[in-house]
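I have a structure here, written as structure tokens, and I will follow up with some questions on it.
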Amino acid sequence: MNKLRRPATPLLPRRKPTPKPNAAQAATSAQIELKLTSPSWFSGTLQLIYAANTKKGAGKVSSSYETILVERRNRVAVITINRPEKRNAMNIQTRTEGAAVLDELRTDDSVRVVIITGAGDKAFIAGADIGEFADRTALTQREVMLEGSLFNAIDSFPKPVIAMVNGYCLGGGCELALACDLRVASERASFGQPEINLGIIPGGGGTQRLTRLVGEGKAMEMILTGEIIDAHSAFSIGLVNQVVPPDQLETKTMEIANRIAEKSPIALRLAKEAIKLASRSNLDEGLRREVDLFALCFSSEDKNEGVKAFLEKRKPGARGIFARKLPG
Ligand code: COA
């Protein structure tokens, strides 16, 4: 039985109300705003880091989800899409609950990395719930898709997200995996964008993210034929990062997640933001913004400790101490 179907620890307790920043914190916030006014996105990034600092330790994940499970394993949160009888097909409720749990984990500083997987041993996610398509008009379908996309929530999530792909990874399931930062697949996993067989096209980022990841030729092949490929083929075209035997999937994925979770959360966040820029800006703009994000790391205690530890030939202490003041 897949262990994730029954979490080792009970579903997490309800979130406590977020404490308001005290006067000292408010002063720090004002200082940050004063110093970083241009360019506007740069200022925004540091304010976001500060906002995360004020909520440190406050976030807990609510247990009131019906179609997903949430389990915390130290610094890693595991989200399991839990509709195995429907091959974990995503209906509206799954998407809404998925977005809600990400919202909760976003400000929970004790969670550094998120893993997303599917319940059971057959499917990661077999796509959108096709049953919901039956009575939809073009307008209602458009509304559903524009109303807070789970794919975009994963894409812009400020912490690394890993897809642990344990079986069918099709349609919206493949698009969800594509929105994640890393994909680890079981040898039994299979991938495809079979929407064309239903007379539709991928609508959750498949035509864009798949093309950016594997190139136009392979994306065309997968989307136009709707054919399903195995995990090794997916690896050979760069769709997945690693393929492992089914019985090692959880261990290997947790190893990667734990390794990442040890790093500075600020550096992780800025690295993710910088990498995402590569496919969204031209080279000059990307390089310029990379320099700004690199410089922003210099406002963190993690950078001070990391550099100091190297120079003192010792291991750095615990990461995740958020910057409380600007560099002098
Ligand atoms: N939406 C809604 N229900 C789905 C589903 C989906 N995307 N994928 C599977 N299911 C349901 C089936 O209808 C079936 O429900 P039932 O038991 O009430 O009849 C159940 O899940 C099991 O599916 P089944 O086809 O019997 O399992 P399988 O292991 O033989 O095949 C798949 C699995 C994933 C290959 C097959 O179900 C499939 O092709 N699904 C659709 C994939 C797809 O087109 N995705 C893109 C959607 S845009």
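We count ligands from 1, going down the list as the structure has it; atoms in each ligand are counted the same way. Each residue takes its place number in the sequence, starting with 1.
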Count the heavy atoms of every other residue, nucleotide or ligand shown that sit under 6.0 Å from CZ of F310, and state whether that count exceeds 12. no
Practice task
Assess the side chains of D108 and S110: does a donor N or O sit below 3.5 Å from an acceptor N or O?
Solution key: yes
Sequence neighbours excluded, the answer for side chain to side chain contact (heavy atoms under 4.5 Å, CB included) partners of T140 is R136, T137
Check your understanding: If Ile, Leu, Val, Met, Phe, Trp and Tyr residues are connected whenever their side-chain heavy atoms lie under 4.5 Å apart, and connections chain through other members, are F235 and I237 in the same group?
Key -> yes
May I have the N/O to N/O pairs between ligand 1 and the protein that fall below 3.5 Å, each with atom names and distance to one decimal?
unit_1, atom_1, unit_2, atom_2, d
ligand 1, 1 (N), A128, O, 3.3
ligand 1, 1 (N), I130, N, 2.9
ligand 1, 7 (N), A126, O, 3.1
ligand 1, 7 (N), A128, O, 2.9
ligand 1, 15 (O), K86, NZ, 3.4
ligand 1, 18 (O), K86, NZ, 2.7
ligand 1, 21 (O), E85, O, 3.4
ligand 1, 27 (O), R87, NE, 3.3
ligand 1, 27 (O), R87, NH2, 3.2
ligand 1, 29 (O), R87, NE, 3.1
ligand 1, 29 (O), R87, NH2, 3.3
ligand 1, 45 (N), A126, O, 3.0

Students should find that the hydrophobic cluster of I201, defined by side-chain heavy atoms under 4.5 Å apart, otherwise consists of none
For L224, the other hydrophobic cluster members (4.5 Å side-chain criterion, sorted by chain and number) are M220
